[in-house]
Participant: 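This is the structure, below, for whatever I ask next.
Letters go in sequence order (proteins before strands), and every chain restarts at 1.
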Amino acid sequence: MRFSKLFAPTLRESPADAEVVSHKLMLRAGMIRKVAAGIYTLLPLGVNVLKSVENIVREEMMLAGAQEVTMPMVVPSELWKESGRWDEYGKELLRLNDRHGRDFCLGPTHEEVVTNLVAGEVRSYKNLPMNLFQIQTKFRDEIRPRFGLMRGREFVMKDAYSFHVTEECAEKEYLNMKAAYSRIFERCGLDFRAVEADTGNIGGNFSHEFMVLADTGEDAIVSCEKCDYAANVERAEIGLPAGEGASSSEAASSLPLPEKVSTPGKKSIDEVSEFLKVKPETLIKSLVYNTDKGPVMALVRGDLEINNIKVKRAASASWAELASEDIVSEITGAPSGYVGPVGLKGKLIADFSVRSMRGAVTGANEEGAHLRNVEPGRDFSAEYTDLRVAGSGDKCPRCDEGSFKLFRGIEVGHIFMLGTKYSESMGAKFLDENGKEKPMIMGCYGIGIGRTAAAAIEQNHDEAGIRWPVPIAPYQVCIAAVTMKDHDSLELAESLYFGLMDKGIPTLMDDRNERAGVKFKDLDLIGIPVRITVSTNTMKEESVEIKERGGETRLVGYKDTVAEIIRILKIPPSG
RNA sequence: CGGGGUGUAGCGCAGUUUGGUAGCGCACCACGUUCGGGACGUGGGGGUCGGAGGUUCAAAUCCUCUCACCCCGACCA
């Protein structure tokens, strides 16, 4: 491609509404332009990058044995009513009507469509297993789209769905996909982790997220420094630190009984600990949650945080949220800030960290009062479990040796074992070798294509702009013709351009009638991995300059240039 | 949806407090000089100041309503 013909309007300054680097740089490099909140037009450079990511994904999916299909974006409501998600999915599902007033939605994900397809065509165990994937534009009416392609409402996603006869077979495919995903993100040149994750509202048995490590990531993950356990903090289990699990039964009886102290206006952990001159870890944080199974009080040591998802699981509820003031005072008799486990009649769950606490401080279930000398086990009894948010330094639950390190990451892929949730509701059944009808076991596997591109920028950039990993760069090589007036120099640039194109190397020829500085700045901003600079200066030595993005400049003879580029790009010799 | 904020040229902003000819930098067009890290000079084009209503002799500026966008929370590839 010739830059003089390329539609890539670069900007010196980033638009004020761009917050994260990837968004700013994509706008500045002329890759994307916004059409509406969370909805973007991809310009030629943006298309090139997304296509490269797509091709890597497509190749690896095919190698892993999946087959490509294309499902519609517009989906009739019947399918969603059949699975029950028409009512469950909420406002994120963009609903629309056709001219006859029939209900449709824009597909945010395609379990319904694919399961319906397979249910209609596959009857026998002989036709299973099967894995179908597509690369397609999805629409989710996100509450708050932001960060450019990182969290758009309309976005390109690769989604795959597998169907199996047995659990074992499904698990095998799950691992197959996990391996394929690792190859995909490796080929994209990304530094990533596969972490255990919560299944969210897609449902299913267990799942892994693929996280690109970046400080700007929206997700927090922990990984063990000794073994390979890694998990989203939403999900991460915590190993029991020595002593924490044990209860403090015997000694407790000899300790003083709870004593009420007046703490007017002191509600938060910080206020109470400062007022009573005790450390936050002496307090028991008591939070009332409302769930579909009724209200429940959750306890954790004062210096720790409660993980909502763990509360939900501990209460065996399908949702859990902090209770409103009405519910709090109804079950405790006090406003929030003064509630505690002592004398509570409702359901009580507590983090392991609470069990071994001694002489603790809690709310007295009376406005303006707290209790001191509270002894778990003696003064209240609770169901002990893991409720807290995992953090740096917590013990690994798997190897019992290592402790956690905390990272931030961008979720670029997610794989789920779905089980029979959709095959049962959508009637995807088959006959096994005994002629018995059974629901198919399913798995599903997603990759955000645009998000992967954005994550690559978050991880690979500097002050000058983007530093694309070679496999997903919009062009792998660029040629800066510095002295546009010099005929010989231009001719050399042209011959190198054709030489590279002949080898199938995507090359951008900067033939614009601009000063050298302008070209260098733009090419750095766009982030082409390798630059060839052709000028009269180096022509005396029959050479050109080659510079890898962010690296040093060196001279290479004319005749060796194409071979040198091939070496740098590590392209295997072709037949 | 709750809380906070912003809408003035393609982009970045000033002007709004205290109503009175709509401005600056970059980008764009023409000519000239320049030509290896976003050049300089001269001249030029581009705006119903997000929209609607109101107050006023006069509104970017004051009042009312509305729309869009951005940031912080719950959701997610």
Side-chain angles (χ1 to χ4, degrees), chain A residues 9-20 23-24 27-28 30 33-39 53 57 89-93 108-110 135-160 181 185 197-202 207 209-212 218-219 232 234 308-309 319-322 409-416 444-455 463-465 480-486 489 510 512-525 531 533-538 544-545 547 553:
Chain A
T10 57
L11 302 171
R12 289 201 189 193
E13 290 175 284
S14 1
D17 53 10
E19 168 98 349
V20 298
H23 188 194
K24 286 182 186 169
L27 286 166
R28 286 191 54 206
R33 285 294 182 265
K34 185 167 73 174
V35 175
I39 299 177
V53 176
V57 170
Y89 211 86
K91 291 196 174 164
E92 218 173 275
L93 187 65
T109 170
H110 281 70
I135 296 176
Q136 188 220 29
T137 300
K138 301 274 186 263
F139 194 94
R140 292 184 191 174
D141 202 357
E142 291 272 347
I143 300 163
R144 190 153 86 84
R146 56 184 146 170
F147 304 156
L149 293 197
M150 196 90 98
R151 180 189 291 278
R153 289 194 292 174
E154 188 179 294
F155 59 99
V156 178
M157 172 168 152
K158 187 283 303 179
D159 45 330
Y181 273 38
F185 296 120
D198 192 67
T199 52
N201 67 0
I202 293 196
S207 81
E209 288 168 336
F210 284 77
M211 295 282 189
V212 169
E218 289 187 89
D219 290 279
N232 194 308
E234 288 177 350
N308 292 13
I309 291 168
W319 56 267
E321 58 186 27
L322 275 176
I410 300 161
E411 184 190 349
V412 290
H414 203 159
I415 58 179
F416 300 84
C444 81
Y445 320 92
I447 290 179
I449 303 289
R451 190 183 277 185
T452 300
E463 310 73 46
V482 165
T483 32
M484 289 296 290
K485 294 240 169 67
D486 181 67
S489 155
D510 195 346
R512 293 176 299 169
N513 193 14
E514 288 285 354
R515 296 158 59 92
V518 173
K519 295 186 179 187
F520 294 156
K521 290 284 184 192
D522 272 342
L523 294 169
D524 283 351
L525 174 62
R531 187 179 80 207
T533 309
V534 179
S535 71
T536 45
N537 296 359
T538 56
V544 295
E545 288 165 326
K547 183 171 178 294
T553 301

Participant: Taking B/rC70 as the reference, what is the distance to B/rU61 when you measure between their P atoms (whole Å, please)?
Facilitator: 25 Å

Participant: Which part of the nucleic acid does A/Asn308 contact within heavy-atom distance under 4.0 Å: base, sugar-phosphate only, or nothing?
Facilitator: nothing

Participant: If the C1' atom of B/rG45 is compared with that of B/rG10, how far apart are they to the nearest Å?
Facilitator: 13 Å

Participant: Report the distance from atom NE2 of A/His110 to atom C1' of B/rA77, rounded to the nearest whole Å.
Facilitator: 14 Å

Participant: Using purine N1 to pyrimidine N3 plus N6-O4 or O6-N4 for Watson-Crick, or N1-O2 and O6-N3 for G-U wobble, each under 3.5 Å, what pairs with B/rC11?
Facilitator: B/rG25

Participant: Do A/Arg451 and A/Phe155 form a cation-pi contact, if we require the NZ or CZ to be under 6.0 Å from the six-membered ring centre and within 45 degrees of the ring's axis?
Facilitator: no

Participant: Please classify the nucleic acid contact of A/Glu514 as base, sugar-phosphate, or nothing, using heavy-atom distances under 4.0 Å.
Facilitator: nothing

Participant: Any strand counts, and the cut-off is 3.5 Å on both contacts for Watson-Crick or G-U wobble. Which nucleotide pairs with B/rC31?
Facilitator: B/rG41

Participant: Does A/Asp219 reach a base, just sugar-phosphate, or nothing at all? Heavy atoms under 4.0 Å.
Facilitator: base

Participant: If I pick the P atom on B/rA27 and the same atom on B/rA39, what distance separates them, to the nearest angstrom?
Facilitator: 8 Å

Participant: Just compare B/rG37, B/rC70, B/rA77 and give me whichever is closest to any side-chain atom of A/Lys521.
Facilitator: B/rG37

Participant: Take the protein atom CD of A/Glu92 and the nucleotide atom P of B/rC75, then report the distance between them rounded to whole Å.
Facilitator: 11 Å

Participant: With a 4.0 Å cutoff (strictly under), does any side-chain N or O of A/Arg144 reach OP1 or OP2 of B/rC71?
Facilitator: yes

Participant: Roughly how many Å apart are B/rA60 and B/rG7, using the C1' atom of each and rounding to a whole number?
Facilitator: 11 Å

Participant: Under the 5.5 Å and 30° test, is A/Phe155 stacked on the base of B/rA77?
Facilitator: yes

Participant: Starting from P on B/rC71, measure out to NZ on A/Lys24 and report it in whole angstrom.
Facilitator: 11 Å

Participant: Categorize A/Arg33 for me: base, sugar-phosphate, or nothing, with a 4.0 angstrom heavy-atom threshold over every strand shown.
Facilitator: nothing

Participant: Of the listed nucleotides (B/rC35, B/rG38, B/rG37), which one gets closest to any side-chain atom of A/Lys547?
Facilitator: B/rG37

Participant: Would you say the ring centroid of A/Phe185 lies under 6.0 angstrom from that of A/Phe210?
Facilitator: yes

Participant: Using the C1' atoms only, state how far B/rG3 lies from B/rG47, rounded to an integer number of Å.
Facilitator: 34 Å

Participant: Using the P atom as the point on both nucleotides, what is the distance between B/rU16 and B/rG20, in whole Å?
Facilitator: 9 Å

Participant: Measure CD1/A/Ile39 against C1'/B/rA68 and give the value in whole Å, please.
Facilitator: 13 Å

Participant: Please report, rounded to the nearest Å, how far the P atom of B/rU33 is from the CZ atom of A/Arg515.
Facilitator: 15 Å

Participant: Calculate the interatomic distance between A/Lys91 atom NZ and B/rC75 atom P; express it in whole Å.
Facilitator: 16 Å

Participant: Quick check on B/rC76: is either OP1 or OP2 less than 4.0 Å from any side-chain nitrogen or oxygen of A/Arg451?
Facilitator: no

Participant: Watson-Crick or G-U wobble partner for B/rU64, using a 3.5 Å limit on both distances?
Facilitator: B/rA52

Participant: At under 4.0 Å between heavy atoms, what does A/Gln136 touch on the DNA or RNA strands: base, sugar-phosphate, or nothing?
Facilitator: nothing

Participant: Identify whether any heavy atom of A/Val482 sits under 4.0 Å from a base atom; if not, whether one sits that close to sugar-phosphate; answer base, sugar-phosphate or nothing.
Facilitator: base

Participant: Using a cut-off of 4.0 Å on non-hydrogen atoms, how would the nucleic acid contact of A/Arg153 be classed: base, sugar-phosphate, or nothing?
Facilitator: nothing

Participant: Could you check which nucleotide pairs with B/rG73 in any of the strands shown, counting Watson-Crick or G-U wobble with both distances under 3.5 Å?
Facilitator: B/rC1

Participant: B/rG46 and B/rA9: how far apart are their C1' atoms, nearest whole angstrom?
Facilitator: 6 Å

Participant: For a quick check of understanding: with a heavy-atom distance under 4.0 Å over all strands, which category does A/Gly152 fall into, base, sugar-phosphate or nothing?
Facilitator: base

Participant: Taking only the side-chain heavy atoms of A/Arg12 (C-beta and beyond), determine which of B/rC26, B/rG37, B/rA74 contains the nearest atom.
Facilitator: B/rC26

Participant: Under 4.0 Å: is that the gap between some side-chain N or O of A/Lys34 and OP1 or OP2 of B/rC70?
Facilitator: yes

Participant: To the nearest Å, how far apart are A/Met157 CE and B/rA77 C1'?
Facilitator: 5 Å

Participant: Given the structure, check if the side chain of A/Arg140 and the base of B/rC76 hold any donor-acceptor pair shorter than 3.5 Å.
Facilitator: no

Participant: Does A/Asp159 reach a base, just sugar-phosphate, or nothing at all? Heavy atoms under 4.0 Å.
Facilitator: nothing

Participant: Remember a base hit wins even if backbone is also touched, and classify A/Gly413 as base, sugar-phosphate or nothing at under 4.0 Å, heavy atoms.
Facilitator: sugar-phosphate

Participant: Which whole-number value in Å describes the distance from A/His23 NE2 to B/rC70 P?
Facilitator: 8 Å

Participant: Taking atom P in both B/rG38 and B/rG32, compute the distance separating them and give it to the nearest angstrom.
Facilitator: 24 Å

Participant: Can you give me the N/O atom pairs linking the protein to nucleotides 7-11 of chain B at distances under 3.5 Å, or say none if there are none?
Facilitator:
none

